Undergrad: 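The structure that follows is given in the form of structure tokens.
Each chain gets a letter, A, B and so on, in the order its sequence line appears, and its residues count up from 1. For the numbers below, each heavy atom of this structure counts, side chains included, while hydrogens, waters and symmetry mates do not. Quantities reported herein were computed from a predicted structural model and do not represent experimental measurements.
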Protein chains: 6
Amino acid sequence: MSDIVSEFNAYRSKMNDKILSDNNKVIKRIFNLDTNAYAEGALDVKTKELLGLVASAVLRCDDCVKYHLETSYKEGLTKAEVVEALSIATLVGGTIVIPHLRRAYEFWDALEGQDASKE
Amino acid sequence: MSDIVSEFNAYRSKMNDKILSDNNKVIKRIFNLDTNAYAEGALDVKTKELLGLVASAVLRCDDCVKYHLETSYKEGLTKAEVVEALSIATLVGGTIVIPHLRRAYEFWDALEGQDASKE
Amino acid sequence: MSDIVSEFNAYRSKMNDKILSDNNKVIKRIFNLDTNAYAEGALDVKTKELLGLVASAVLRCDDCVKYHLETSYKEGLTKAEVVEALSIATLVGGTIVIPHLRRAYEFWDALEGQDASKE
Amino acid sequence: MSDIVSEFNAYRSKMNDKILSDNNKVIKRIFNLDTNAYAEGALDVKTKELLGLVASAVLRCDDCVKYHLETSYKEGLTKAEVVEALSIATLVGGTIVIPHLRRAYEFWDALEGQDASKE
Amino acid sequence: MSDIVSEFNAYRSKMNDKILSDNNKVIKRIFNLDTNAYAEGALDVKTKELLGLVASAVLRCDDCVKYHLETSYKEGLTKAEVVEALSIATLVGGTIVIPHLRRAYEFWDALEGQDASKE
Amino acid sequence: MSDIVSEFNAYRSKMNDKILSDNNKVIKRIFNLDTNAYAEGALDVKTKELLGLVASAVLRCDDCVKYHLETSYKEGLTKAEVVEALSIATLVGGTIVIPHLRRAYEFWDALEGQDASKE
């Protein structure tokens with residue numbers, strides 16, 4: 001698997017385990033909400049993933065962007081759809097979003113690359 | 001028409017005219033992009049409006065939220081869809097988004113109220 | 001009761017009722033967490049209120065600052081303690097916090113004034 | 001004098017007095033620094049005012065923008081110079097800066113209007 | 001000593017020396033204030049460290065979080081107290097704080113580990 | 001050439017090419033504006049670079065700071081001028097700007113170092 005994808009997931013997963021094993025109720029419930037909020041409801045899962053992606057991008061949280069890129073990719077969103085969402089993020093959030101756009105492109109390429117290498 | 005909706009639009013429109021008549025090229029182009037970015041493309045207009053709404057909400061820009069609420073309303077998005085988008089914004093952006101949620105609810109009610117009063 | 005305190009509470013309470021009656025699960029749980037997070041635990045209630053106040057001040061959320069000022073006041077925190085917490089917020093968050101400091105002072109005075117007028 | 005200019009200055013001045021009379025050392029020193037930082041040094045006063053203005057605009061602090069607009073106006077900066085600085089702020093900070101741009105234009109007009117009415 | 005702790009301190013210390021040797025008065029005074037603001041006053045040192053930690057966490061400044069974690073650790077704050085403070089930061093600042101929470105946990109573990117390895 | 005300068009430019013340039021080859025119109029126009037906005041107009045190029053630098057610093061975008069540091073350096077701005085601009089950023093943006101100040105100093109030293117090594 002692509003290095004930047006697997007490294008991101010390994011660290012994220014290891015530290016989430018540490019955090020959750022600590023049993024702070026407020027933090028655990030926020031983690032729980034984070035799973036529930038993106039489930040299908042009035043809006044479908046794909047739309048919600050794009051909402052999470054754009055929120056993460058304008059708030060310039062690289063790890064959150066990576067997480068939503070991977071979920072978007074798994075949900076079958078196309079690169080064109082994801083880039084269009086990120087273009088709105090860049091317009092609303094300004095040119096300070098551009099460095100995060102660079103890393104988002106790199107991560108998306110890694111997501112596509114890991115699939116290509118499996119074939 | 002509801003007061004908070006018409007007041008918002010009147011001020012917005014008056015000041016936008018002043019800004020655009022000033023002919024600063026960079027600002028004019030940003031205004032232009034703001035119109036183009038939400039046109040149908042890989043994503044449909046409704047989805048893009050929700051993306052603009054969530055970006056505005058997590059960045060806590062009341063006027064931007066109002067603008068996207070009104071466009072969302074005109075595009076036929078339901079309250080349930082809009083609220084679900086705002087719930088993601090509140091989760092990603094934290095409880096500091098709640099005061100903006102209050103004003104968003106008030107503005108949405110005003111949008112619905114102005115239609116009801118026309119009947 | 002002082003105008004700015006009662007107006008703040010009336011609007012906050014009216015809109016919170018509207019939001020909660022809408023039954024969006026994610027939003028309701030965030031509101032719930034907001035109540036639980038400030039309950040006594042490893043840290044006492046006073047310390048937690050100051051943490052909420054400082055977080056609100058550096059994120060420049062006037063309504064959140066007002067809410068925590070009122071709770072701090074009710075919990076018996078002194079003005080000197082509250083101001084010292086706000087001084088850290090101003091240092092960490094920079095001079096852009098100063099306008100919020102002005103409104104925080106005004107609100108604290110209103111909180112003290114409403115008690116004085118009851119005597 | 002124009003209403004929005006005089007109201008802004010009156011409130012700012014009244015609350016600053018309250019804050020400073022409170023004798024919190026950290027806050028007093030930050031207020032002090034705020035005066036010293038814009039004095040002529042390696043950069044001239046006009047340039048520094050524009051730096052303060054752009055910092056305030058991208059951080060979306062209306063009161064800070066107003067303060068630097070007034071000082072810029074008094075230092076003899078032209079509207080074209082101020083608008084060009086604000087265009088950079090809007091590009092770097094994104095379309096969420098636009099509502100603050102509207103209020104900046106309104107305040108600048110009020111600054112010019114108060115002078116015109118004195119003639 | 002743990003790598004991430006010693007690397008952080010070495011870089012921080014080297015660059016602070018460079019900055020301070022440059023003799024910019026405004027920057028030097030801000031550095032000075034940063035030392036004074038956390039001294040005992042109306043609030044005790046432990047509370048102030050937690051305020052600095054929460055302010056740093058909601059503003060998502062990893063280096064500032066690390067600094068306050070280390071000082072909190074040296075002042076004898078327990079992990080439960082620190083985590084409770086961070087839970088408030090995560091609630092107020094939203095899920096975008098979570099990646100910083102991961103790195104905070106990692107750094108706290110390193111702080112505990114460096115002590116364990118001395119025994 | 002200094003490692004941190006050349007690495008920064010290589011990655012920036014490689015990813016910008018990928019982004020621009022994707023032909024998203026909104027993103028391409030924002031990139032275009034980013035070039036035009038810093039051209040001489042009512043304000044000269046040096047002043048505009050400092051405005052871009054301060055906007056980047058208060059918004060805490062390391063890559064944007066690096067970009068404007070390099071352009072400032074090439075335009076002949078002195079270290080004293082750049083540091084004075086950054087001192088205003090640190091005052092307005094607060095102590096959370098300090099970690100970015102450290103990295104800015106390191107990058108400026110690298111810019112000076114790469115020139116020295118060419119002699």
Side-chain angles (χ1 to χ4, degrees), chain C residues 2-5 7-8 46 49-51 53-66 68-70 72-73 77-117, chain D residues 4-5 7-39 48-71 86 89 92-93 96-97 99-100 103-104 107:
Chain C
S2 166
D3 269 9
I4 60 172
V5 175
E7 271 169 33
F8 169 71
K46 283 185 181 182
E49 278 307 320
L50 291 178
L51 294 175
L53 177 66
V54 163
S56 303
V58 295
L59 291 172
R60 300 158 55 211
C61 174
D62 280 327
D63 283 5
C64 315
V65 166
K66 284 177 185 170
H68 286 293
L69 283 177
E70 187 162 12
S72 295
Y73 185 75
L77 281 153
T78 66
K79 188 175 182 182
E81 290 167 326
V82 163
V83 167
E84 211 164 274
L86 290 173
S87 75
I88 287 180
T90 311
L91 181 64
V92 176
T95 55
I96 45 162
V97 175
I98 292 177
H100 306 271
L101 200 58
R102 284 185 204 118
R103 292 188 279 273
Y105 261 80
E106 187 183 30
F107 199 78
W108 186 268
D109 281 357
L111 288 164
E112 289 184 338
Q114 79 185 39
D115 265 15
S117 68
Chain D
I4 61 173
V5 175
E7 272 169 31
F8 169 70
N9 284 323
Y11 179 76
R12 185 176 174 275
S13 168
K14 183 183 76 174
M15 295 314 301
N16 279 4
D17 286 351
K18 287 212 177 185
I19 292 171
L20 293 173
S21 71
D22 219 34
N23 274 320
N24 177 288
K25 268 189 197 172
V26 173
I27 292 176
K28 284 187 97 159
R29 286 185 195 171
I30 294 172
F31 270 69
N32 241 313
L33 272 176
D34 207 18
T35 310
N36 298 335
Y38 297 98
K48 287 183 151 185
E49 279 306 320
L50 292 178
L51 294 175
L53 177 65
V54 163
S56 303
V58 295
L59 291 171
R60 299 159 55 210
C61 173
D62 280 328
D63 283 5
C64 316
V65 167
K66 285 176 186 170
Y67 174 76
H68 286 293
L69 282 178
E70 187 162 11
T71 324
L86 290 172
V92 176
I96 45 161
V97 174
H100 306 272
R103 292 189 278 273
F107 199 78

Undergrad: In Å and rounded to the nearest 0.5 Å, what is the OG1 to CD1 distance from C/Thr95 to D/Ile30?
TA: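 The CD1 atom of D/Ile30 is 8.5 Å from OG1 of C/Thr95, to the nearest 0.5 Å.
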Undergrad: How many angstroms lie between NE2 in C/His100 and CG in D/Asp63, if you round to the nearest 0.5 Å?
TA: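 If we round to the nearest 0.5 Å, C/His100:NE2 and D/Asp63:CG are 7.5 Å apart.
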Undergrad: What is the distance from atom CG of D/Asn24 to atom OG of C/Ser87, rounded to the nearest 0.5 Å?
TA: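 Here the rounded value is 4.5 Å.
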Undergrad: Supply the atom-to-atom distance C/Asp109 CG to D/Lys18 NZ, rounded to the nearest 0.5 angstrom.
TA: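 One gets 4.0 Å once the value is rounded to the nearest 0.5 Å.
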Undergrad: For residues D/Arg60 and C/Arg60, report the shortest heavy-atom separation together with the two atoms involved.
TA: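 Heavy-atom minimum between the residues: O-NH2, 3.3 Å.
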Undergrad: With distance as the sole test, does C/Arg102 use its side chain to make a donor-acceptor pair with the main-chain N or O of D/Ser13 at under 3.5 Å?
TA: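 Here the side-chain-to-backbone pair does not exist.
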Undergrad: Please say which of C/Ile96, C/Val97, C/Ile98 ends up in a side-chain contact (heavy atoms from CB on, under 4.5 Å) with D/Cys64.
TA: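 Of the listed residues C/Ile96, C/Val97, C/Ile98, the side-chain contact (heavy atoms from CB on, under 4.5 Å) partner of D/Cys64 is C/Ile96.
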Undergrad: Which atoms of D/Phe31 are under 4.5 Å from chain C, going by heavy atoms: the side chain, the backbone, both sets, or neither?
TA: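 For D/Phe31, the side chain is the part near chain C, not the backbone.
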Undergrad: How would you list, by chain and number, every residue that makes a ring pair (Phe, Tyr, Trp, His ring centres under 6.0 Å) with C/Tyr105, sequence neighbours excluded?
TA: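 In terms of ring pair (Phe, Tyr, Trp, His ring centres under 6.0 Å), with neighbours along the sequence ignored, C/Tyr105 is linked to no residue.
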Undergrad: Between D/Arg29, D/Lys25, D/Lys14, D/Met15, who has the most heavy-atom pairs with chain C when the cutoff is under 4.5 Å?
TA: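 The option with the most such pairs is D/Met15.
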Undergrad: Taking every heavy-atom pair that is under 4.5 Å apart, which of D/Asp22, D/Leu59, D/Ile19, D/Val26 has the most such pairs with chain C?
TA: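 Option with the greatest count: D/Ile19.
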Undergrad: Contact part of D/Arg12 toward chain C, heavy-atom cut-off under 4.5 Å: side chain, backbone, both or neither?
TA: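 Both parts, heavy atoms under 4.5 Å.
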Undergrad: What is the distance from atom CG of D/Asp34 to atom OG1 of C/Thr90, rounded to the nearest 0.5 Å?
TA: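 So the CG of D/Asp34 and the OG1 of C/Thr90 are separated by 11.5 Å.
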Undergrad: Please report the C-alpha distance between C/Glu84 and D/Ile27 in whole Å, then the side-chain angles of each, then the deciding distance to 0.1 Å, and finally whether the side-chain contact (heavy atoms from CB on, under 4.5 Å) criterion is met.
TA: CA-CA 9 Å; C/Glu84 211 164 274; D/Ile27 292 176; over 6 Å; no
